[in-house]
Amino acid sequence: MDAGDPDALLLDIRSSHSTAIRLAQLANNLLELSRIEAGPSSGRIDWRTLVDELTDAIDRARLLVSSDDDAAGISVDFEYDPRRRPDAGARVALSPTDFARILDNLLGNAITAIRSAGDHPEATVTASLALGAGPDGEESVILTVRDSGPGMPQEFIPVALDRFTRADGSRTGQSGGGLGLAIVGALADAAGGHVVLANGEPSGLTVTVTLPIRRD
C-alpha cells in the first residue's frame with residue numbers, strides 16, 4: 001500500500017474492499033454447502049409457490065441487467081403453462097428460500113456468461129417451469145434455464161458441479177469462489193433430484209434441474 005500517493009492508496013483500499021467481499025461470500029457459501037449437505041431437506045414447497053419464486057427471481061435478474069451497463073440488451077424471461085399443474089397435495093422437498101437460491105445462481109451465471117463474452121445483441125436468458133418425468137419415470141418438476149451465451153468447454157461439464165471448479169471467468173455468477181453451481185447441485189441432491197448441463201446448438205448452455213414431487 002502506497003501511503004505517499006493518494007490515487008494509488010485509493011486503488012489499494014478499493015482492491016482490499018473487493019477482496020474482503022469475495023472472502024465473505026466464499027465463507028458464506030461454504031457454510032451454506034455444509035448446511036445443505038448435513039442432511040435431507042426438511043422444506044416443502046407447492047406448485048403455486050414455485051411459480052411465485054420463479055417470477056420473483058426473474059424480476060431480480062432483470063434488475064441486475066438494468067443496473068449494469070455491460071449487461072444492457074440481455075433479455076430475461078420465463079415460461080410455464082398455467083394449464084398444467086400438479087394436484088394440490090404435490091410438493092417439492094425444498095424451502096422457498098432454497099428454490100430461490102437455485103434460480104438466482106442459475107440466472108446470475110447465465111447473465112454473467114453473456115456479459116463476459118462481450119458483444120451480445122439480442123442475447124437471451126429464459127427460465128421455464130414444467131411437469132415431467134425424472135430418470136426413473138417419477139413425476140417431477142422440471143426447471144430449465146437456458147441462455148444464448150458462449151456455453152462451456154465440453155470436457156468441463158462433468159465436473160461443473162464440483163466445488164471450486166471453473167472453466168474460465170465467464171460463468172462465475174453471483175456466488176463467487178466457484179461454488180454457485182455446487183450449491184445448485186447440492187440443493188437438488190437434498191431434494192432427491194439432479195442437475196444436467198448441456199451445451200446448445202450452435203451456442204449457449206442449458207441447465208436442467210429435476211425435482212421429484214412428493215406427497216408425504
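Nearest heavy-atom pair across Ile157 and Ala198 is CD1-CA, 4.4 Å. Contact record, Val76 with Ala61: CG1-CB, 3.9 Å, taken as the closest heavy-atom pair. Shown here for Arg214 and Ala191, the closest heavy-atom pair between the two residues is NH2-O, 3.2 Å. In this structure, Ala90 and Ile213 approach most closely via the heavy-atom pair CB-CG2, 3.5 Å. In terms of heavy atoms, Leu107 sits closest to Ala57 at CD1-O, 3.8 Å. The two residues Asn105 and Gly180 come nearest to each other via the heavy atoms OD1-CA, 3.5 Å.
With hydrogens and angles ignored, the 3.5 Å screen pairs no side-chain donor or acceptor of Asp136 with any backbone N or O of Glu138. Side chain of Ser67 to main chain of Leu64: a donor-acceptor pair is present (N/O by atom type, distance under 3.5 Å, no hydrogens or angles).
Taken from OG1 in Thr97 to CD1 in Ile102, the straight-line distance is 11.5 Å, to the nearest 0.5 Å. Atom OG1 of residue Thr126 and atom CD1 of residue Ile58 lie 8.0 Å apart, to the nearest 0.5 angstrom. Taking CG from Leu50 and CG from Leu211, the interatomic distance works out to 8.0 Å, rounded to the nearest 0.5 Å. Separation of atoms CZ (Arg44) and OG (Ser95) is listed at 11.0 Å; rounding is to 0.5 Å. Between Phe156 atom CZ and Leu197 atom CG the span is 9.0 Å, to the nearest 0.5 Å.
Here the rule is side chain to side chain contact (heavy atoms under 4.5 Å, CB included) with Phe99, and of Leu187, Leu143, Thr49 only Leu143 fits it.
Asp46 and Arg48 are not joined by a salt bridge, as no carboxylate oxygen comes within less than 4.0 angstrom of a charged side-chain nitrogen. Looking at Arg101 and Asp104, no side-chain N of the basic residue comes within less than 4.0 Å of a carboxylate O on the acidic one, giving no salt bridge. Ion pairing between Arg215 and Glu139 holds under the 4.0 Å rule for side-chain N and carboxylate O. Electrostatic pairing of Glu79 and Arg146 counts as a salt bridge here, judged by a charged N lying under 4.0 Å from a carboxylate O.
In this structure the side chain of Asp87 never reaches within 4.5 angstrom of the side chain of Trp47, judged on heavy atoms. A heavy-atom distance below 4.5 Å is not found between the side chains of Ile45 and Arg91. Using a 4.5 Å cut-off on side-chain heavy atoms (C-beta onward), Ser148 and Ile114 make contact. Between Asp147 and Ile74, the closest side-chain pair of non-hydrogen atoms is not below 4.5 Å. Here the side chains of Thr144 and Leu129 are not in contact, with every heavy-atom distance at 4.5 Å or above. A 4.5 Å side-chain heavy-atom check between Val209 and Ile142 finds every atom pair outside the cut-off. At a threshold of 4.5 Å between non-hydrogen side-chain atoms, the residues Thr206 and Val145 do not count as touching. Residues Thr124 and Asp77 have side chains not in contact (no heavy-atom distance under 4.5 Å, counting atoms from C-beta outward).
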Test side chain to side chain contact (heavy atoms under 4.5 Å, CB included) applied to Val125 and Leu106, step by step = CA-CA 10 Å; Val125 178; Leu106 294 182; over 6 Å; no
Is there a side chain to side chain contact (heavy atoms under 4.5 Å, CB included) between Asn109 and Leu181 once you walk through the steps?
-> CA-CA 9 Å; Asn109 283 357; Leu181 285 176; 3.6 Å; yes
Let me see the working for Ser140 and Thr210 under side chain to side chain contact (heavy atoms under 4.5 Å, CB included), right down to the final yes or no.
-> CA-CA 6 Å; Ser140 300; Thr210 302; 3.6 Å; yes
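Cluster annotation: Val159 is connected to Leu205 through the hydrophobic network of ILVMFWY side chains, with a link wherever side-chain heavy atoms come within less than 4.5 Å.
Within a 6.0 Å radius of CZ in Arg85, no more than 12 heavy atoms belonging to other residues, nucleotides or ligands are found.
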